[in-house]
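What follows is a short report on a single structure.
Proteins come first, then strands; the chains are lettered A, B, ... in the order of their sequence lines, and each starts at number 1.
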2 protein chains.
Amino acid sequence: MAHTTVERNEDLVRIIRAAGLKVTAPRLAVLEALQQAPHSSAEHLLLSVLPALPGTSAQAVYGVLAAFTEAGLVRRFDPPGTAALFECRVGDNHHHLLCIRCGKVTDVDCVVGAAPCLSPSDSSGFAVLSAEVTFNGICPQCRNAS
Amino acid sequence: MAHTTVERNEDLVRIIRAAGLKVTAPRLAVLEALQQAPHSSAEHLLLSVLPALPGTSAQAVYGVLAAFTEAGLVRRFDPPGTAALFECRVGDNHHHLLCIRCGKVTDVDCVVGAAPCLSPSDSSGFAVLSAEVTFNGICPQCRNAS
DNA sequence: GCGTTGTTTTGAATTATTCAAAATAAGATC
DNA sequence: GATCTTATTTTGAATAATTCAAAACAACGC
């Protein structure tokens, strides 16, 4: 195997510290949970973290996620009508397939190479910083179910 | 001028009826407000409608918007961290420029012709129905202010 | 005009998220 | 290694957009 548990933990420590953030137990736990289950909601992350770290508060998770997002460590994705999702795949301009039935989210690489999705045809004077592309559809499981 | 008030009103009636919906005062008022101010929130629409139609409830507006969205008459746009916005420009696969400072939304036509934004490179078995593209940036006003 | 069905009102509940202050712990400094 | 500063977490509550449910009402077809 590539990494022992301790080594993985040291990786997490490095990642958090490199972002200029203090290393704390909630942060390590949230980051690890996020690596194991991308596109997780704050609530789901709290539930993942609680067994190992009883007493962790929802606000701690929100705080961790806010700090990570601010630091560019995680990316926030807001599907309409549900809780926000978080993922640690970041900085690669990837997009999302969203199942409108079950809410499942799948990553998808940028449509045509790298550039097109980042520049609108007419930016109307806006300084464009990023592009969010979401494809709405029905996932394989939900297709079969109907 | 192209249309008198009455003529415009008759257009609205036709639009609503063509969607298979009953024509009611709240629906006419919301649709008219939406045509005059695209990218409006439910609250903003309620405020626009109240002077002409006192006693209109917020739930009426939500109900109208749900019916319109369901019928394909309006499109809902959910910017992260704020109330949902609604617009009646629909069916043309246009996208949005969103100012991350002030929340201003501007329409932008599809990036490269029509097709590219509608098909991901790998749809992972999803039946893709639509694509939402949002460009995040700073609008001209906010650029000048800083 | 009348009845059916869909819409609006009324009133309340829900849910994700944020705010604020006090308690605590991480990391720098001595 | 102890101490201090500052960031983080806990605790407790508030907010805000939206939805739910039942009763009153109004549109449209006959």
Sequence-distant partners of B:P80, side chain to side chain contact (heavy atoms under 4.5 Å, CB included), two or more places apart
A:D78, B:L98
Between A:F126 and B:C139 the two heavy atoms that sit nearest each other are CZ-CB, 3.6 Å
State whether the side chain of A:R76 and the backbone N or O of A:A84 hold a donor-acceptor pair below 3.5 Å, judged by distance alone.
no
Looking at every heavy atom in both B:L53 and B:P26, which two are closest together, and how far apart are they?
CD2-N, 3.6 Å
Only counting residues at least two apart or in another chain, list the ones meeting side chain to side chain contact (heavy atoms under 4.5 Å, CB included) with B:L46.
B:L50, B:T56, B:A58, B:V61
Ordered by number, residues from residues 63-78 of chain A within less than 4.0 Å of DNA chain C (heavy atoms) are A:R76
Could you check if a side-chain atom of B:V23 sits within less than 4.5 angstrom of a side-chain atom of B:R27, using non-hydrogen atoms only?
no
In whole angstrom, what separates A:R17's CZ from C:dA25's P?
18 Å
From CZ of B:R27 over to C1' of C:dT8, roughly how many Å is that when rounded to an integer?
10 Å
The correct set of residues in residues 39-60 of chain B placing a heavy atom under 4.0 Å from DNA chain C is B:G55, B:T56, B:S57, B:Q59, B:A60
Neighbour count >12 (heavy atoms, 6.0 Å) for atom NE2, B:H44:
no
Quick check against the 3.5 Å criterion: does B:R101 have a side-chain atom that pairs as donor or acceptor with the backbone of B:Q141?
no
Which nucleotide span of DNA chain D, 5' end to 3' end, has atoms closer than 4.0 Å to non-hydrogen atoms of chain B?
D:dA17 to D:dC28
Is any side-chain heavy atom of A:S48 closer than 4.5 Å to one of A:S40?
no
With a 4.5 Å cut-off on side-chain heavy atoms, are A:V108 and A:V133 touching?
no
Any side-chain N or O of B:T24 below 4.0 angstrom from OP1/OP2 of C:dT8?
yes
Are A:F68 and A:I16 side-chain neighbours, meaning at least one heavy-atom pair lies under 4.5 Å?
yes
For the residue pair A:H95 and A:F135, categorise the inter-ring angle as parallel (less than 30°), tilted (30 to 60°) or perpendicular (more than 60°).
perpendicular
Report yes or no: do A:F86 and A:L12 belong to one cluster of Ile/Leu/Val/Met/Phe/Trp/Tyr joined by side chain heavy-atom distances under 4.5 Å?
yes
To 10°, what angle do the rotation axes through the five end pairs on each side of the helix from C:dG1-D:dC30 to C:dC30-D:dG1 form?
40°
